[in-house]
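Following: one structure in structure tokens, then a few remarks.
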Amino acid sequence: MAVAKRSVDMKDYSVSEQALRDSGLKATVPRVVIYDYLLTHKTHPTCDEIYSAIKDSVPRLSLASVYNVTEKLSEEGLLLRLIAPNGDR
């Protein structure tokens, strides 16, 4: 029996996937990878920084998708979105 290959690296994303599902969200690849990045990095990254860090793991990801996903995660209470004095999100 062959093992199915994931579209992203072989990291275990089960915590992120479950948190998304528990909030009523679909656990799409962009949502899982972005949320996992935020859970495992204890900084306050901008969307540009998130995109730069994960774009190689999700090649079809766009910066606009990062903004959209973080907006949705914020709406669902999974993250607190901060806006820097210079307007960066």
Side-chain angles (χ1 to χ4, degrees):
M1 176 181 287
V3 176
K5 186 175 179 182
R6 296 181 82 145
S7 59
V8 293
D9 58 41
M10 296 305 289
K11 184 175 178 182
D12 180 13
Y13 291 100
S14 60
V15 172
S16 300
E17 289 174 1
Q18 191 60 50
L20 290 166
R21 287 189 184 106
D22 289 348
S23 293
L25 294 173
K26 287 184 180 179
T28 63
V29 170
R31 286 179 182 167
V32 170
V33 174
I34 290 168
Y35 192 56
D36 185 75
Y37 177 83
L38 293 168
L39 289 177
T40 57
H41 291 80
K42 302 302 180 196
T43 61
H44 301 288
T46 64
C47 287
D48 290 332
E49 292 168 337
I50 296 168
Y51 175 72
S52 293
I54 66 172
K55 66 182 178 184
D56 291 337
S57 296
V58 188
R60 295 174 48 164
L61 183 71
S62 68
L63 180 57
S65 293
V66 175
Y67 276 94
N68 292 335
V69 168
T70 56
E71 178 72 24
K72 189 66 173 174
L73 294 175
S74 178
E75 288 172 5
E76 297 299 323
L78 292 172
L79 70 88
L80 176 62
R81 190 172 61 165
L82 303 174
I83 299 176
N86 67 359
D88 284 349
R89 296 191 282 167

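Residue indices begin at 1 and follow the sequence shown.
- Note that CG of Asp12 is 8.5 Å distant from CG of Asp36, once rounded to the nearest 0.5 Å.
- The two residues Lys72 and Arg31 make their nearest non-hydrogen contact at CG-NH2, 4.1 Å.
- In this structure, CG on Asp56 lies 10.0 Å from CD1 on Ile54, to the nearest 0.5 angstrom.
- Looking only at side-chain heavy atoms (C-beta outward), Tyr37 and Ser57 stay at 4.5 Å or farther from each other.
- Nearest heavy-atom pair, Arg81 versus Ser74, reported as atom, atom and distance to 0.1 Å: CB-OG, 3.9 Å.
- For the atom pair Leu79 CG and Glu71 CD, the distance stands at 9.0 Å (nearest 0.5 Å).
- Going from atom CD1 of Ile50 over to atom NZ of Lys55 covers 14.0 Å, rounded to the nearest 0.5 Å.
- Between Ser16 and Val32, the shortest heavy-atom distance links the atoms CB-O, 3.9 Å.
- The shortest distance between side-chain heavy atoms of Leu20 and Leu78 falls below 4.5 Å.
- Taken from OG in Ser14 to CZ in Arg21, the straight-line distance is 10.0 Å, to the nearest 0.5 Å.
- Of all non-hydrogen atoms in Ala19 and Tyr35, the two that sit nearest each other are CB-CE2, 3.6 Å.
- The side-chain heavy atoms of Leu25 and Leu73, taken from C-beta on, include a pair separated by under 4.5 Å.
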With side chain to side chain donor-acceptor pair (under 3.5 Å) as the test, would you mind laying out the steps for Asp48 and Thr46 before giving the verdict?
CA-CA 5 Å; Asp48 290 332; Thr46 64; 4.8 Å; no

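- Rounding to the nearest 0.5 Å gives a distance of 12.0 Å between CD of Glu76 and CG of Asp22.
- The two residues Cys47 and Leu63 make their nearest non-hydrogen contact at O-CD1, 3.8 Å.
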